[in-house]
Student: 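This is the structure I want to talk about, given as structure tokens.
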Amino acid sequence: EAGVAQSPRYKIIEKRQSVAFWCNPISGHATLYWYQQILGQGPKLLIQFQNNGVVDDSQLPKDRFSAERLKGVDSTLKIQPAKLEDSAVYLCASSSTRTVSYEQYFGPGTRLTVT
Amino acid sequence: AQSVTQLGSHVSVSEGALVLLRCNYSSSVPPYLFWYVQYPNQGLQLLLKYTSAATLVKGINGFEAEFKKSETSFHLTKPSAHMSDAAEYFCAVSFSGGYNKLIFGAGTRLAVHP
């Protein structure tokens with residue numbers, strides 16, 4: 001079974017520029033998550049999708065971050081405009097609703113550096 | 001509200017020594033508990049999980065953890081450390097009815113020296 005795919009793996013941009021990240025979850029997984037992991041910290045949930053719909057975006061900075069999940073499969077996370085404090089690893093994860101604990105499977109992440 | 005505290009941001013052990021990584025949680029409802037490992041420049045890999053079945057949970061790579069409700073703890077152990085165990089370890093909690101959002105601790109970096 002293929003894992004969660006993310007691209008790009010690395011991205012360097014200047015502040016005030018825009019950037020987009022792409023995620024392809026494990027086939028059949030209805031739930032998709034985007035996490036932000038700042039250096040030295042644990043991952044923090046930005047947004048959670050159940051199929052096409054958003055179920056939790058309480059910690060998403062909506063003035064600059066946006067995310068969508070088209071047709072309940074792939075997802076993109078966008079930052080516009082980027083700030084220095086957005087430098088982090090952005091992790092995508094997916095889970096199946098068929099397991100009790102909704103165990104999450106993570107992609108390799110995208111490391112963003114904002115200069 | 002749910003939260004996770006990992007005691008010790010850095011732990012160093014000798015190869016062959018016991019590994020003990022501490023995790024305490026706070027949850028007003030029965031939790032699901034997880035340990036993830038992260039190697040450099042990689043995503044998170046699930047080591048083991050507790051989902052209200054057996055309190056002693058065995059995971060991959062020889063790791064295990066014990067759920068102790070009275071102590072609100074879920075410490076991770078391995079009897080004998082190997083050089084390849086050097087990585088960052090994260091404890092996380094979720095709960096049924098909360099859309100299973102994972103709340104992570106700050107992580108513990110494990111160093112293994114010869």
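All figures in this text were calculated on a predicted structure; none of them were measured in a lab. All heavy atoms count here, side chains included; hydrogens, waters and symmetry mates do not. We name chains A, B, ... by the order of the sequence lines, and we start the count at 1 in each one.
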Student: Give the member of Asn41(B), Leu46(B), Val4(B), Leu102(B) that has the highest number of heavy-atom pairs under 4.5 Å with chain A.
Tutor: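 Option with the greatest count: Leu102(B).
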Student: For each of Gly40(A), Pro108(A), Pro43(A), tally heavy-atom pairs with chain B at distances under 4.5 Å, and name the one with the top tally.
Tutor: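 Option with the greatest count: Pro43(A).
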Student: Could you tell me if Gln59(A) and Gln36(A) have a donor-acceptor pair between their side chains, going purely by distance under 3.5 Å?
Tutor: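 There is no such pair (donor and acceptor under 3.5 Å, judged by atom type) between the side chains of Gln36(A) and Gln59(A).
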Student: Is it the backbone or the side chain of Leu44(B) that comes under 4.5 Å from a heavy atom of chain A, or both, or neither?
Tutor: both
Student: If you count every heavy atom of other residues, nucleotides or ligands that lies below 6.0 Å from Leu18(B) atom CG, does the total exceed 12?
Tutor: yes
Student: Which bit of Gln38(B) comes within less than 4.5 Å of chain A, counting heavy atoms only: side chain, backbone, both or neither?
Tutor: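 The answer is the side chain of Gln38(B).
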Student: Does any heavy atom of chain B fall under 4.5 Å from the side chain of Gln37(A), the backbone, both, or neither of them?
Tutor: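 Gln37(A) touches chain B through side-chain heavy atoms alone.
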Student: Using modelled atom types and a 3.5 Å cut-off, is there a donor and acceptor pairing between side-chain atoms of Asp85(B) and backbone atoms of Ala87(B)?
Tutor: no
Student: Start with the C-alpha distance between Lys15(A) and Asp86(A), add both sets of side-chain angles, then the distance that settles salt bridge (charged side-chain N to carboxylate O under 4.0 Å, His left out), and finish with yes or no.
Tutor: CA-CA 9 Å; Lys15(A) 59 183 179 183; Asp86(A) 298 332; over 6 Å; no
Student: Counting heavy-atom pairs under 4.5 Å to chain B, which of Arg111(A), Gln6(A), Gln41(A), Arg9(A) comes out on top?
Tutor: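 Top option by heavy-atom pairs under 4.5 Å: Gln41(A).
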Student: Between Glu103(A) and Lys49(B), does any NZ, NE, NH1 or NH2 come within less than 4.0 Å of an OD or OE carboxylate oxygen?
Tutor: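 Answer for the salt bridge query: yes.
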